[in-house]
Amino acid sequence: MANIIEIKNITKEFKVLNRREGLIGSFKDLFSRNYKTVRAVDNISMTVGQGEIVGYLGPNGAGKSTTIKMMTGVLEPTSGEILVGGNVPYKNRTKNAQEIGVVFGQRSQLWWALPLIESFKILRDIYQIPEQNYKSMLELYQSLVDIEPLLHKPVRQMSLGQRTLSDILAAFLHDPKIVFLDEPTIGLDVSMKSKIRTLIHALNKEKNTTVILTTHDMGDVDALCRRIVIIDKGKMLYDNDIEHLKGFFGSYRTLKIRVDGDLKEQSGVIQGELPDMKVSADDEWISVLVDEDKAKVIDVLGQIQKSRSVRDMKLEEISTEEVIRKIYEEGVK
Amino acid sequence: MKRKSLRFYFRIYRKILAQDIKSKMSYRADFIISTIGMIFTNVAGFISFWILFRRFPSINGWSYHEMLFLYGFSLVSLTPVQCLFDNNWSLRQYVYTGDFIKYCFRPINLFFYFQSEVFDIKGLGQFAFGIGTLVYSWNKIGLDFTPLILLKVIVFLITASLIMIALQNAAAATCFWIQNSFYVLDLVYRFRDYAKYPITIFNPVFKFIFTFVIPIAFIAYYPSLVILRPDDIPLLSWLSPLFGLVFFWLSYKFWMHGALKYNGTGS
Ligand SMILES: Nc1ncnc2c1ncn2[C@@H]1O[C@H](COP(=O)(O)OP(=O)(O)OP(=O)(O)O)[C@@H](O)[C@H]1O
Ligand SMILES: [Mg+2]
C-alpha cells in the first residue's frame with residue numbers, strides 16, 4: 001500500500017502573548033510584549049496508506065486540529081516534514097488543495113446564499129471536474145443519501161445536520177485522494193450521525209478515499225475506523241489497530257448478574273468469594289470485572305452459582321469509549 | 001496542474017456573480033429597500049456638495065463645474081472598490097472568529113476567492129450617478145469629445161480605481177496583525193471623501209499627506225488634471241497610472257502576506 005501521507009517529526013509551536021491583568025496590565029502589554037510558546041504538536045510521526053480511515057483522537061486541546069491544519073497547508077510546521085500526496089502542503093497550498101477535501105464541523109465552506117446545487121456547479125469549475133465524473137458523482141450521492149430536497153435549498157436555510165451533510169458531499173465532489181474531517185458529527189442527532197457515518201463509509205469503499213477523522217464520539221470510531229492514532233498534549237500516545245488497543249488493558253470483560261436479595265449486600269458477599277476481581281453493584285446489576293487471562297467467565301459464573309441462584313445475566317465487552325477514557329486519564333502503560 | 005488562466009478566473013467570477021445577484025433579487029423587499037437607500041445616499045451627497053460650492057464661482061481657480069467633474073470622477077472611480085472588494089469590510093470578522101480558514105482550502109488564488117464571494121450591487125447606483133455627473137459637467141465646461149480624450153478618461157478612471165482598491169486592501173489587511181483594525185479601514189474610508197476636492201484647496205501639510213502618505217489625491221485630482229488642465233499637466237498626473245498599478249500590486253502582496261501568515265485561530 002503506497003503511503004499517501006508521510007509525517008516525520010513535526011512540531012508546531014504558537015507564540016502567545018502573556019496578557020497581564022487589568023487596565024494597567026494591558027497598558028504594560030503595549031510596551032513590553034511578553035510571549036510564551038505553546039507547543040501544540042510535539043514531534044509527531046506517522047504514515048497513512050491510500051484508502052485507510054484513521055481515527056485521530058485525543059482530549060480537547062490535544063493538537064488534532066493543529067495537525068490537520070498543517071496537513072492541509074494552512075499552517076507551516078515549526079519543524080519536521082510533511083508530505084501529502086507527494087506535496088509539501090504549506091509550500092504548495094493550491095496544488096495540495098486540488099488533491100484533498102476538508103470539512104471542519106460547524107464551519108461551512110459552502111456559499112451561504114446559494115442552493116447546494118449551485119455551489120456544486122461552482123466547485124465543478126474551480127476543481128475542473130470533468131463533466132463525466134461530476135455526473136457520476138452526483139448519481140453516486142443520489143444513491144447513498146436523499147439529496148434531492150437539499151439540492152435546491154440555500155445553505156443558509158439548512159439545519160446544522162443538513163449543512164454538515166452538504167459540506168461532506170462537497171468535500172468528496174472532486175474525488176480527492178484524501179478527505180480530512182474535523183469533528184464532522186459534532187452537534188448532530190443520532191440519526192444524522194448514523195447517516196453521515198454510512199455515507200463516509202460508502203464513499204471510502206467506493207472511491208478508495210483516505211479519510212482522516214477527528215471526533216470525540218466513539219460511535220464514529222466504532223463505525224468507521226480500524227486504525228486509531230491518539231495524541232495528548234501534542235505528543236503521540238498510540239498508533240495501531242483499535243483491537244490491539246483493547247488488549248492493552250488485558251482481556252477484560254464485564255459479567256453482569258442479577259440475584260435474589262439486596263444487590264448491594266450480595267455484591268459484598270461475592271466480592272469476598274472472588275477477592276481477585278472487582279465487584280460492584282448498581283440498582284439493576286452486579287458487575288464483575290473478569291480478567292480473561294486469569295480466569296474464564298464461565299468458571300466465575302459457576303463459582304457464583306454454587307451458593308446462590310442467578311436469575312439473569314449478560315456479558316459486556318470493554319467499550320471503545322472506556323478504553324479511550326482510560327487512555328486520556330491514565331495514558332498508555 | 002497547470003497555472004490557472006485569467007479566463008478561468010473570469011468564468012468562475014461570472015458564475016458566482018450571477019448566482020449571487022439571483023439570490024439577492026429573490027429577497028425583493030430587501031433589494032428594494034437597499035436600492036432606495038442607495039439613491040438617497042447619493043442624492044444627499046450631491047445636495048451637500050451643491051450647498052457647499054454653488055455660491056462660489058471658483059475656488060483656487062476651480063470653477064463650480066470643474067469641481068463637479070471631480071466629484072463625478074471620484075464617484076465612478078470608487079465604484080469598483082465598492083462593488084468588487086466589499087468583502088474587505090468583513091475580513092476582520094472572518095479572521096477574528098477563525099472562519100477565514102475556509103478560504104484556504106480551495107485550489108485557487110486566495111485573494112480572488114475571498115473577494116469573489118461578495119458583490120455589492122449598490123455600487124452600481126453610484127456608478128450611474130457618477131456617469132451622469134461627469135456627462136453634465138463635461139457639457140457645462142464645454143470640453144471636447146474625441147476618442148483620445150475618452151481613452152484618457154478611461155485609463156485614468158482605472159488608475160484611480162486601482163489606487164482606491166489598493167488603499168482599502170492595505171487597510172483591511174492590517175487585521176492580520178492588529179485586532180482593532182476597523183479603525184484603520186474606517187479612517188481610509190473617511191479620507192476617501194476628500195478625494196473629490198481639488199487638492200489645492202488644502203493646506204500644504206494635508207497636500208503632502210494626501211499625495212504621498214494616503215495618496216487619495218490620485219483618485220480624482222491628479223488624473224482629472226489631464227482632462228481639465230491639458231496645458232499644464234504635472235508629472236505626477238502622467239505617473240499616476242504607473243503609480244496605481246504598483247500600489248495595487250503592493251497592496252495585493254501585503255494582503256497575501258498577511259493571509260499566509262494567518263495562523264488559523266479557533267478549532
Ligand atoms: N492559533 C493559535 N494560537 C495559539 N494557540 C493555539 C492556536 N491554535 C491552537 N492553539 C493551542 O494549541 C493547542 C492545540 O489546539 P487544537 O485546536 O489543535 O486542539 P484539538 O486537539 O483540535 O482540540 P479540540 O478537541 O478541543 O478541538 C491548544 O492548547 C490550543 O490552545
Ligand atoms: Mg479541534
Side-chain angles (χ1 to χ4, degrees), chain A residues 12 14-16 40 60-61 63-66 68-70 72-76 87 89-90 92-115 117-119 121-128 154-156 167 170-171 174 176 180 182-183 186 214, chain B residues 1-5 7-27 30-31 87 90 94-95 97-114 116-121 177-180 256 259-267:
Chain A
K12 178 71 195 178
F14 291 108
K15 264 193 186 162
V16 289
N60 289 125
K64 303 179 296 292
S65 299
T66 307
I68 289 192
K69 283 175 196 167
M70 287 192 280
T72 52
V74 179
L75 288 179
E76 186 179 18
N87 295 315
Y90 186 74
N92 306 309
R93 194 187 54 82
T94 47
K95 191 157 174 251
N96 189 42
Q98 181 74 34
E99 315 283 337
I100 65 172
V102 188
V103 176
F104 272 86
Q106 293 195 312
R107 264 177 222 274
S108 179
Q109 291 167 44
L110 298 165
W111 287 266
W112 211 236
L114 304 190
I117 185 70
E118 301 301 343
S119 281
K121 283 184 191 155
I122 295 172
L123 289 176
R124 178 187 61 190
D125 285 1
I126 288 181
Y127 288 94
Q128 300 173 299
V155 174
R156 184 164 41 85
D167 259 301
H174 59 289
F180 296 92
D182 194 340
E183 303 194 31
I186 190 169
T214 85
Chain B
M1 193 179 54
K2 53 187 193 310
R3 237 185 128 75
K4 274 149 186 160
S5 64
R7 239 183 76 211
F8 167 86
Y9 280 108
F10 192 70
R11 207 180 61 228
I12 294 202
Y13 197 90
R14 220 187 44 209
K15 273 248 169 82
I16 297 178
L17 179 65
Q19 283 307 322
D20 188 50
I21 291 178
K22 219 164 81 182
S23 86
K24 273 190 188 126
M25 302 266 233
S26 67
Y27 289 85
D30 211 74
F31 188 73
N87 216 18
S90 317
Y94 282 118
V95 168
T97 59
D99 280 335
F100 185 73
I101 198 169
K102 74 172 183 182
Y103 299 103
C104 304
F105 299 132
R106 302 278 180 230
I108 52 175
N109 181 285
L110 181 57
F111 178 75
F112 167 85
Y113 184 44
F114 178 79
S116 72
E117 197 182 44
V118 172
F119 180 87
D120 186 12
I121 242 178
W177 288 271
I178 54 176
Q179 294 214 335
N180 279 332
M256 284 297 269
L260 293 178
K261 78 158 254 314
Y262 163 75
N263 60 9
T265 32
S267 52

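Naming convention: chains lettered A, B, ... in sequence-line order (proteins, then strands); numbering from 1 in each chain. The figures that follow rest on heavy atoms only: side chains count, while hydrogens, waters and symmetry mates do not.
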To the closest 0.5 Å, what do you measure between [atom1] ([X]) and [atom2] ([Y])?
{"X": "A:Trp112", "Y": "B:Ser23", "atom1": "CH2", "atom2": "OG", "answer": "13.5 Å"}
{"X": "B:Gln19", "Y": "A:Ile122", "atom1": "CD", "atom2": "CD1", "answer": "6.0 Å"}
{"X": "B:Cys104", "Y": "A:Asn96", "atom1": "SG", "atom2": "CG", "answer": "12.5 Å"}
{"X": "A:Thr94", "Y": "B:Ile108", "atom1": "OG1", "atom2": "CD1", "answer": "10.0 Å"}
{"X": "B:Asp20", "Y": "A:Trp111", "atom1": "CG", "atom2": "CH2", "answer": "11.5 Å"}

Item checked: Interface moiety of B:Ile16 toward chain A, non-hydrogen atoms closer than 4.5 Å -> both
Notebook entry, point to check: Taking C-beta and beyond as the side chain, do A:Tyr127 and B:Arg106 meet within less than 4.5 Å on heavy atoms?
Noted result: yes
Check: A:Ala97, A:Ser108, A:Pro154: which one forms the most heavy-atom pairs within less than 4.5 Å of chain B?
Finding: A:Ala97
Check: Is A:Arg93 reaching over with its side chain to a backbone N or O of B:Pro107, donor-acceptor style, under 3.5 angstrom?
Finding: no
Next item on the list: For B:Ile101 and A:Lys69, work out which heavy atoms get closest and say how close.
Entry: CD1-CE, 3.6 Å
Margin query: Only pairs of heavy atoms separated by less than 4.5 Å count here; which of B:Lys22, B:Lys102, B:Glu117 has the most with chain A?
Written below: B:Lys102
Item checked: Greatest number of heavy atom pairs closer than 4.5 Å to chain A - which of B:Phe105, B:Tyr113, B:Tyr9 -> B:Phe105
Heavy-atom distances under 4.5 Å only: say whether [X] touches chain B with side chain, backbone, both or neither.
{"X": "A:Leu114", "answer": "side chain"}
{"X": "A:Leu123", "answer": "side chain"}
{"X": "A:Thr66", "answer": "neither"}

